[in-house]
Amino acid sequence: MLDNEEFLLDNAPRELTQNPLRKIWMPCKNGMPAVHIAQRRVCMTNCPTLIVLVGLPARGKTYISKKLTRYLNWIGVPTKEFNVGQYRRECLKIYKSFEFFRPDNEEGLKIRRQCAMAALNDVRQYLSVEGGQVAVFDATNTTRERRGTIVKFAEQNGFKVFFVESVCEDPDVIAQNIVQVKLGSPDYIHTNTEEAIEDFMKRIKCYESSYQPLDEVLDRDLSYIKIMDVGRRYLVNRVLDHIQSRIVYYLMNIHITPRSIYLCRHGESDLNIKGRIGGDSGLSARGKEFASRLRKFIQDQNIKDLKVWTSQMKRTIQTAECLGVPYEQWKSLNEIDAGVCEEMMYEEIQEHYPLEFALRDQDKYRYRYPKGESYEDLVQRLEPVIMELERQENVLVICHQAVMRCLLAYFLDKTADELPYLKCSLHSVLKLTPMAYGCKVESVCLGVEAVNTHRNRPEVGIAGTKQWPRLFPKPTGSVTLDSFMWMSHKKKKKAENILRISVFIRRN
Amino acid sequence: GSAMGQQPASVPQFCNSPTMIVMVGLPARGKTYISKKLTRYLNWIGVPTKVFNVGQYRREAVKTYKNFEFFKPDNEEAMRIRKACASAALKDVSAYFTKEHGQVAVFDATNTTRERRAIIISFAKERGYKVFFVESICEDPEIIAENIKQVKFGSPDYVDRDIDEAMEDFIQRIECYRANYMSIDDEKDRKLSYIKIFDVGSRYLVNRVQDHIQSRIVYYLMNIHVTPRSIYLSRHGESELNLSGRIGGDAGLSSRGQKYANALATFMRGQTIKDLKVWTSHMKRTIQTAEALGVQYEQWKALNEIDAGVCEEMTYEEIQENFPEEFALRDQDKYRYRYPKGESYEDLVHRLEPVIMELERQENVLVICHQAVMRCLLAYFLDKPADELPYLRCPLHTVLKLTPVAYGCKVESFFLNIEAVNTHRERPVNVNINRNPEEALHTVPDHI
C-alpha cells in the first residue's frame, strides 16, 4: 500500500479548477478549492528547522545569520533570525565593559541564560505558531552544554537542528570584522575606537577558555557545517534534508571579498517607446545613446576583472555589444513572460483581459500571466543567477525591469509584497556594494531620457486586501475575492464587464 | 564580440581552463561509481566530460589477471606496468582536452600515494589544467563487502573465478594498497582543492573550491546516495490534444487517459513502495493523472512540457504549413533547436537540473510528466547523448521503472494495456529547408 493515504479515496476523480491568480490547477469540491497540500514546488521542510550558529565573537555569525535569512526568505522559505545579543541589550540597558562576559560573573551568566531562553521562546512562537519554517539562532553557543540545551529544546518541539560553526584564527580577518561591525554596535557607541577594540578583544578572551568547538567524534550524530577560515575549508556532517543541503550549498558559495555588483536594464527599446510590454525588440536611438554612455561609465569606474552578463533578448545584448568587452548570455535573465499579454499595451490588456489586469493588481507577486509567468516564478528561475553572483566578484548585469526588481529585492532584503513595485528605471545603473551586514546602493543616472515604464501600486482598496470593490448593486452585497474566483462562468462574464468600466477609472 | 569569441552559448560557460578530477581511495571505496555518475551528470548538463579508468589500461596491458600478487608493493615488474598505464592515461587526458574539446577529465585510479598525486599535480600544472581531488574514505566492512559483491565479481578480472576465491583475492588486493596509503593530509595538502567523502556521505571535508564547476561538483557529490530505491517515470494519461495530434497546450485527459490514470494507481499500489513521493508538472493533464492515485503529490513548474512558443497547440501539419523553415531546422538539430518564443531541449535540460538534483536526494519517486521532459530525465539516467535524447521513445501509457544497479541503471518498461495515440515522430530522411511537405510530414504519427 502506498503511504500517505490520508485523502478520501473517492471513486470519481476530483474536479480540477485553475486558480485565476496563480494559474495553478487545484482539486475543487462544489466550486470551492478542496484542501490541497501540493505546493508550487518541492516542499522544503516537513518540520521546521532551527539553525544554530556557533563561534567566538567576531567570527561572522551575525553576518552569516542575516545573509542566510535574506536568501531563504527570498527563495520563499519564511525565515527569521533571533540575535541573543539583542535580547541582552534590551535586558541590560547599558553595556559597561567586557567584565559582563567574564566566566565567573554569576550575575552576568544568569542574565545571559535568561536571554537565551527568551530568544528560544520566541523561536518556538515563530516556528510553531506563526508559521515560520526556519529560525536562525544567532549566539556564540560555544559550550557543549548550551548546545545540548538547544538540541533538547528542539526535540521537545519537533524542530530539526542544523549547526553552523564559524572557526577563524586569522587576526587580520578578526580585526577587520571588529572594525566593520563592532565599533558601530550600540555597545560601543560612546566609546572611542582604541578603547572599544581593547574591550572587545578582552570580551573574546572571556569565551575562549570555555570554547568547545563541534567535535568530529563527540558530535558525530549532529547535523552541522563547520566553516573554517572564511570559507577556505568546510566540514559537513549529516545533512538531513533538502533545505539543509541548500543551506550548505549557499554557505559554500558566499564570500567576503570586496566587490561591486552593477545592475541596469537594457537601453530603451522600440517597444518601450510604444508602451508595449515584453517582446524582443531592438534599442531605440536613445537606448543606443545609453549603451554608449554605459560604456564610458564602466571605463571610468575602472573595475578589476568585470564580468558582464545579459539575457538572451536582443535589447540587452545590443546594450552589451556597445561595451566592447566579452559578455555571457543567460536565458534565466530573460524578462518575465507575459504569455498572452506579450507585446500588448496596458490599455489593450485592460480592454481584452480586464479580469487578468485586476487580478495582477490584486497580488502582483503571485499573479501569473495566462501561459506566462509570475514574479514568484521569476525568483525561482533567477536563483542560480543569484548563486553565481554570490560566487563572483565584480559583475555588471544588464537585464529587464521585472528581473532587476527580483535581483534588487534579494540584495536589499525587500519583501515579496514590495518587490514588484521597486523602482528600476531605464537608463540608470545601480551599484551595489556589500557593507557591514547589508548592501550600499548608489544610483547613477546616465543622463539619457527614456520613457517611464513604472506602474505604481494601484490605490483603490485592492492591494493586499481580499475585498473586492462593489461589483454588484445590493442586495447581493460586496463580493470577496475568494468567492469571486470560484464564481460561475456567467457571473464572471458579468463581473468582467463591470470591471471594464470600474478599473478603467482607476488605471494610472 | 560575444562571449569568449566562441559560438554564443545558451547556457553560461562554466570553465575557462580544463579541469582534472582526480579520484583517491583504496579499492572498493566507490571511486568508479562516483567517476561514472559524475561524468554522466556533467555531460548531461552540457560540460563535456570523460572518465579515464587506469584499471582498464592495466587490463589492456596485462591481458590476463592472475591474482593479487600483481599489486604487491614489492612487485617491481608490475609497478613498472602500472606506472606506464597511469602515464598512458594522462596522455589521453591531454589529448582529450587539446584535440577533443573536453572540459573535464575524471582520472579514476587509487592515487593513494603522495608521490603519485604529485606527478598528477605537476602534469596538470605544466599544461594549465585545474585539479580537484575526490577522496572516498570508508572503513565500514559491510559497505565494502557489498561493493565487492556488486561490482567486483562481475569485473573482467574475476569472470572465471568462483565467488569465495574472488572475495578472498580482492581483500588481499586491498591490503596491498593499504600499507602505502596516504590520505590527503589536511595540513600538508591545505593548498590543494579537494573533497573528502567519509562513509558514503555521512560527512564531507571540502577544501579550497576554486570555481563554479568545482562548486557544482561538490554540491552534486553531497546530494547523491547509495540507498536502494526506484524512480518511476511516466507521462500524463492521453490528453484531448494528443488525440488530435496537437502539441503543447494545457488540455485535460481523454477518457482513455483517465483509464490510464486509474490503471497507474492500481499498478503503483501493486509495487508496494515505501514512502513514495509523487511529482507532477503544473499542467492539468499530469495533475489529473496524479489525482487518480489518491495520494499527496507535489507540483513542479520545472516539469512543464517544452514550450513550443508560436507553435503551441498546432499539429505538425500546421507547423509545416505555417513555419516550414522552422520545421526543417528542428529536424536538423532537434536538441538545440528553440521554437520561436519557446524553448529548446537544451533549455529544458537546464530547467530540469534542480529536478534531477532533488531526484538524487530522494528515494522512491514517481514523476508524472511529459514527452520532451521525460526524454531529458531518461537521458540523464541512461547516459544518452544530446543527439539521441530528443528521439528517445517515451510512449503514452507506459511506466518506466529505473533502479540503480552496479554502475548504471536497470530499466523496466510497463505498458498498462490502455490504448493511446502514438506521439513519437522519428527524424525524417530529408531535413533540408527546401524539402517538400510530404518529405517533412513523412514520419508524423497518425491522429484524428
Side-chain angles (χ1 to χ4, degrees), chain A residues 1-10 13-14 16 18 23-27 37-43 216 220 231-239 241-242 245 248-249 252-253 280 309 312 317 320-321 324 326-332 337 342 371 373 377 380-381 383-384 387-388 391, chain B residues 1-5 8-13 186 190 201-209 211-212 215 218-219 222-223 250 252 258 261-262 268-269 272-276 279-280 282-284 287-288 290-302 312 341 347 350-351 353-354 358 361:
Chain A
M1 280 305 249
L2 287 165
D3 275 334
N4 307 327
E5 303 241 10
E6 290 152 13
F7 280 29
L8 179 63
L9 286 167
D10 265 327
R14 297 192 293 184
L16 288 184
Q18 194 179 48
K23 311 297 187 296
I24 296 204
W25 288 102
M26 327 176 61
I37 299 141
Q39 319 258 18
R40 65 197 177 286
R41 54 178 301 179
V42 172
C43 187
E216 264 180 48
R220 65 182 169 286
R232 186 142 301 160
R233 182 195 298 225
Y234 305 92
L235 185 64
V236 180
N237 199 61
R238 292 194 188 273
V239 170
D241 60 18
H242 179 100
S245 162
V248 164
Y249 184 43
M252 287 175 55
N253 281 321
D280 194 14
W309 296 353
Q312 289 194 340
I317 297 167
E321 278 286 322
Y327 55 89
E328 278 179 43
Q329 297 184 21
W330 291 68
K331 187 173 194 275
S332 324
D337 183 355
E342 277 283 319
K371 304 194 178 176
E373 295 177 300
D377 295 327
Q380 201 178 331
R381 81 161 147 89
E383 200 265 349
M387 197 62 88
E388 189 56 19
R391 288 199 55 81
Chain B
S2 90
M4 322 303 165
S10 63
V11 289
Q13 299 306 284
D186 295 332
R190 67 184 173 282
S202 92
R203 194 162 88 248
Y204 305 90
L205 182 66
V206 179
N207 198 60
R208 286 191 188 262
V209 170
D211 60 18
H212 180 102
S215 160
V218 164
Y219 185 41
M222 287 176 53
N223 279 321
D250 195 14
Q258 188 55 60
N262 297 332
M268 295 308 295
R269 272 193 286 272
T272 49
I273 306 145
K274 173 175 101 79
D275 290 332
L276 179 76
W279 294 355
T280 70
H282 272 201
M283 294 177 146
K284 192 175 184 183
I287 297 167
Q288 274 184 307
E291 277 285 315
L293 303 175
V295 299
Q296 277 186 40
Y297 54 89
E298 283 175 35
Q299 297 185 23
W300 289 69
K301 187 170 196 274
E312 277 284 317
K341 304 196 180 177
D347 294 327
H350 190 236
R351 81 162 147 88
E353 201 264 349
E358 189 56 21
R361 288 199 55 80

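Per chain, numbering begins at 1; letters A, B, ... match sequence-line order.
For A:Arg391, the part sitting under 4.5 Å from any heavy atom of chain B is the side chain, from C-beta outward, and nothing else. Residue contact with chain B, scored on non-hydrogen atoms closer than 4.5 Å, is absent for A:Glu383. At a 4.5 Å heavy-atom cutoff, the contact between B:Gln258 and chain A is made by side-chain atoms alone. Only the side chain of A:Asn253 has a heavy atom closer than 4.5 Å to any heavy atom of chain B. In this structure, the portions of B:Asn207 lying under 4.5 Å from any heavy atom of chain A include both its backbone and its side chain.
If you tally non-hydrogen atom pairs under 4.5 Å between each of B:Arg190, B:Met222, B:Arg351 and chain A, the highest count goes to B:Met222. The candidate from B:Thr280, B:Asn223, B:Val206 with the greatest count of non-hydrogen atom pairs under 4.5 Å with chain A is B:Val206.
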In sequence, state the C-alpha distance, the side-chain angles, and the governing distance for A:Arg220 and B:Ser202, and then conclude on side chain to side chain contact (heavy atoms under 4.5 Å, CB included).
-> CA-CA 9 Å; A:Arg220 65 182 169 286; B:Ser202 92; over 6 Å; no
Output, in order, the C-alpha distance, side-chain angles, deciding distance and verdict of side chain to side chain contact (heavy atoms under 4.5 Å, CB included) for B:Lys301 and A:Glu373.
-> CA-CA 10 Å; B:Lys301 187 170 196 274; A:Glu373 295 177 300; 3.9 Å; yes
Worked verdict on A:Glu216 versus B:Arg203 for side chain to side chain contact (heavy atoms under 4.5 Å, CB included) = CA-CA 9 Å; A:Glu216 264 180 48; B:Arg203 194 162 88 248; 3.0 Å; yes
Test B:Ile287 against A:Gln18 for side chain to side chain contact (heavy atoms under 4.5 Å, CB included), laying out the working first.
-> CA-CA 11 Å; B:Ile287 297 167; A:Gln18 194 179 48; over 6 Å; no
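Formation of a donor-acceptor pair under 3.5 Å by the A:Arg233 side chain with backbone atoms of B:Asp186 is found in this model. The backbone N or O of A:Trp25 sits less than 3.5 Å from a side-chain atom of B:Gln299, completing a donor-acceptor pair.
Interatomic distance, A:Gln312 CD to B:Asp347 CG, rounded to the nearest 0.5 Å: 7.0 Å.
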